[in-house]
2 protein chains.
Amino acid sequence: MDDQHSVTIKDIAQRLKLSPSTVSRALRGGTEIREETRRLIQEVAREMHYSPNPIALSLKEKKSKIIGVIVPEIANNFCSATIAGIEEVAYSRGYHVIIFQSHELYEREVTSIQLLTSRRIDGLILTISNETRNYDHLQALRGKGIPLVMFDRVCEEIKTHKVVVNDYQGAFDATCHLIREGFTRIAHVAIAPYLSITQNRLKGYEEALRSHHLPVKKNWIVHCDFDAMSIEKAVRQLFEGSERPDAIVASTERLAIGCIKVLREMKLRIPMDVALVGFSDNPLNKFMAPSLTAVQQPTFDIGQKSAELLIELIESKTPPKNYRTIEMKTTLDIQDSSRNLTG
Amino acid sequence: MDDQHSVTIKDIAQRLKLSPSTVSRALRGGTEIREETRRLIQEVAREMHYSPNPIALSLKEKKSKIIGVIVPEIANNFCSATIAGIEEVAYSRGYHVIIFQSHELYEREVTSIQLLTSRRIDGLILTISNETRNYDHLQALRGKGIPLVMFDRVCEEIKTHKVVVNDYQGAFDATCHLIREGFTRIAHVAIAPYLSITQNRLKGYEEALRSHHLPVKKNWIVHCDFDAMSIEKAVRQLFEGSERPDAIVASTERLAIGCIKVLREMKLRIPMDVALVGFSDNPLNKFMAPSLTAVQQPTFDIGQKSAELLIELIESKTPPKNYRTIEMKTTLDIQDSSRNLTG
DNA sequence: CTGAAAGCGCTTACAG
DNA sequence: CTGAAAGCGCTTACAG
């Protein structure tokens, strides 16, 4: 109907009988131009609905103004809320966001990074998959000069800005809360053991038990993958021994839901037979049966902060003297799943 | 550390003492090249970790290989699941996806489209905001030759491929189910009245009542915006009249959750005092208190189909003779929130 | 203050 | 079969 072809600087130049250079200068805001010419050009540009071609700009400036994001699963409340935070900051600073999902697979994470770097992204924000134990693909980003910010599941081995929550404290508080409610046989269901968040949450859990002189029992600590089978197996295993737990600290939202599901199948009531605390900030928590007590992570803020740090890295001329790890605060949202109704 | 600068076709040419043209041809798979030269070039390219610069390609071919997506809110199960479907198809066909959120605001929808078109996206997939009643911004896409696919909240006025579910049938089935359970005073809580999905679901609801010789009462049909206040007001309003409903059909997931929240505040029990059916495919539905009966939409498939149709439009040389509207099937997932326990 | 030229990385008619 | 040239849309030293 209209112009299939977008208007370019050349079109404006032609119409005004000026050179493209002059038009570019007028639009860019360089100083070496007569104020009158500039006004004229800007007016015509507006009139012709000119908008600069970002692709040409990218080619010239070797910047794509695109940020890559890799998360395990976009259709997961933690991830989508974080992404919302990332997007808000990114867009306000003129960046666009391209999202990849690792589906908790190391393989997919590596491929995603390759695709993303071949797209010439300006920087990457990621939380590693449940399988990731080798960080060469992240190290490679370094080699290519692509800034990186990690959040949630970070790792020691990579030196860069990171955004995490106080996992240790969160798990500690959750466990103490259960103890205070009178539960004494508290189990812990976690994801892959080599992940930083797993280790920190595990430490918080253990320390809470110790500080209350409760034993830390190895077979009350189980790790699982992300398939339904694995969670089911792990949870059932907890109840096979002679001494059954009376409460569970689940280290992620998915695991908490998994626990609810399996406990229900096993006809164990929450919290009467087994109490439960998860890590989650799902707004649906309070509408669950039972409503779910959870260590709440400030997901949106985590996303925002990650994006801010990344853009800082992208736009600073020199690499920072030292990398920061921002630790956000969690809060324990107490609902019914952890209440001792028999007390 | 390594090469800050990515290797280009020129680098390969230099090393092989060939011209960039030849290298390009070898890599692109043109026929006019000696098999031996090609093999050599490809080998060196691999060795040097060459990957074509998509930005240069975009500039040349006037294609960005980027698809824009606009949804109300990414941190919403319906949206994120649909996006997951879109991404899967997009990536498998070499496209990347840039997401914008309208936050249910017409204003933001318009701005997003502007930003997206200035990004030179190859096509757009969107579901309109709750506020959108004017479609000039979508029509403008036409003018610019940017293909469009609408899903979920579509509109008659724009002629293009669309992906919807059988909203009429879904609401009809949901309402019939309630009637079969013995509920007779069934209300309907919906979003903006001018949206296609609102109208179709409303029709299904009304027709179900009529076909069972139940009256359609105007004050049992309420529409709300997306803020919590609006939902609260709408639901409370339902119970102000002399004749109170004994069941509600909520036309989206958000509204269903909103109903649960407000009914709880009003100390009305679900389903004993008021039964509830929503539209939702949230995997948490069955873990809610009470578990939520819902018309399930095949979200992932909707996303996949939308992306397929869009890419078809993008890659076909000629505009299609006629636009299609794909209607997906919903299924009614019956849980506790709609059971008549008093019967 | 304005313009011509070169270049970002790539492709593709056009010569040879 | 291979290379030189032009061009995608833009910016920016370099002249004038």
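Atoms considered below: every heavy atom in the structure, side chains included; atoms not considered: hydrogens, waters and symmetry mates. In what follows, chains carry the letters A, B, and so on, assigned in the order in which the sequence lines appear, proteins first and then strands, with residues in each chain numbered from 1. Owing to the predicted nature of the structure, the values given are computational and were not obtained by experimental measurement.
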Any side-chain N or O of K10(B) below 4.0 angstrom from OP1/OP2 of dC8(C)? yes
Rounded to whole Å, the CG-P distance (L27(B) to dT2(D)) equals 14 Å
Please evaluate the base of dG3(C) for a donor-acceptor partner in the side chain of R25(A) within a cut-off of under 3.5 Å?
-> yes
Of dG7(C), dG3(D), dT11(C), the nucleotide closest to the side chain of L18(B) is dG3(D)
> Heavy atoms under 4.0 Å, any strand shown: does I55(A) hit a base, just sugar-phosphate, or nothing?
Replying inline: nothing
Practice task
Would you kindly say whether R120(B) and S51(A) are connected by a side-chain donor-acceptor distance under 3.5 Å?
Solution key: yes
inquiry  = Counting the atoms with a prime plus P, OP1 and OP2 as sugar-phosphate, which does S21(B) contact under 4.0 Å by heavy atoms, base, sugar-phosphate, or nothing?
reply    = base
**Study point:** Minimum side-chain heavy-atom gap R119(B)-I66(B) below 4.5 Å
**Key:** no
Of the candidates dC10(D), dT2(D), dC8(C), the side chain of L59(A) sits closest to dC8(C)
From NZ of K63(A) across to C1' of dG9(C) the rounded distance in Å is 17 Å
- prompt: Has T37(A) got a side-chain N or O lying under 4.0 Å from the OP1 or OP2 atom of dT2(C)?
  reply: yes
Under 4.0 Å between a side-chain N or O of K62(A) and OP1 or OP2 of dG9(C)?
yes
Report yes if a side-chain nitrogen or oxygen of T22(A) is closer than 4.0 Å to either non-bridging phosphate oxygen (OP1 or OP2) of dT2(C); otherwise report no.
no
**Any side-chain heavy-atom pair of L126(A) and E109(A) under 4.5 Å** = yes
Taken to the nearest whole Å, NZ/K60(A) to P/dT12(D) is 7 Å
Distance, P atom - from dG7(C) to dA4(D), rounded to whole angstrom: 15 Å
### Message
On the nucleotide dC10(D), are OP1 or OP2 found under 4.0 Å from the side-chain N or O atoms that S24(A) carries?
### Response
no
I9(B) atom CD1 is separated from dC8(C) atom P, nearest whole Å, by 14 Å
In Watson-Crick or G-U wobble terms, with both distances under 3.5 Å, the base opposite dC1(C) is dG16(D)
Nearest heavy-atom contact between I128(A) and Y135(A) is CD1-CE2, 4.1 Å
Distance check: side-chain N/O of T8(A) vs OP1/OP2 of dG9(D), anything under 4.0 Å? no
Correct closest heavy-atom pair for D301(A) and M328(A) would be O-CE, 3.6 Å
note: Y50(A), atom OH; dT11(D), atom C1'; distance rounded to Å ~ 10 Å
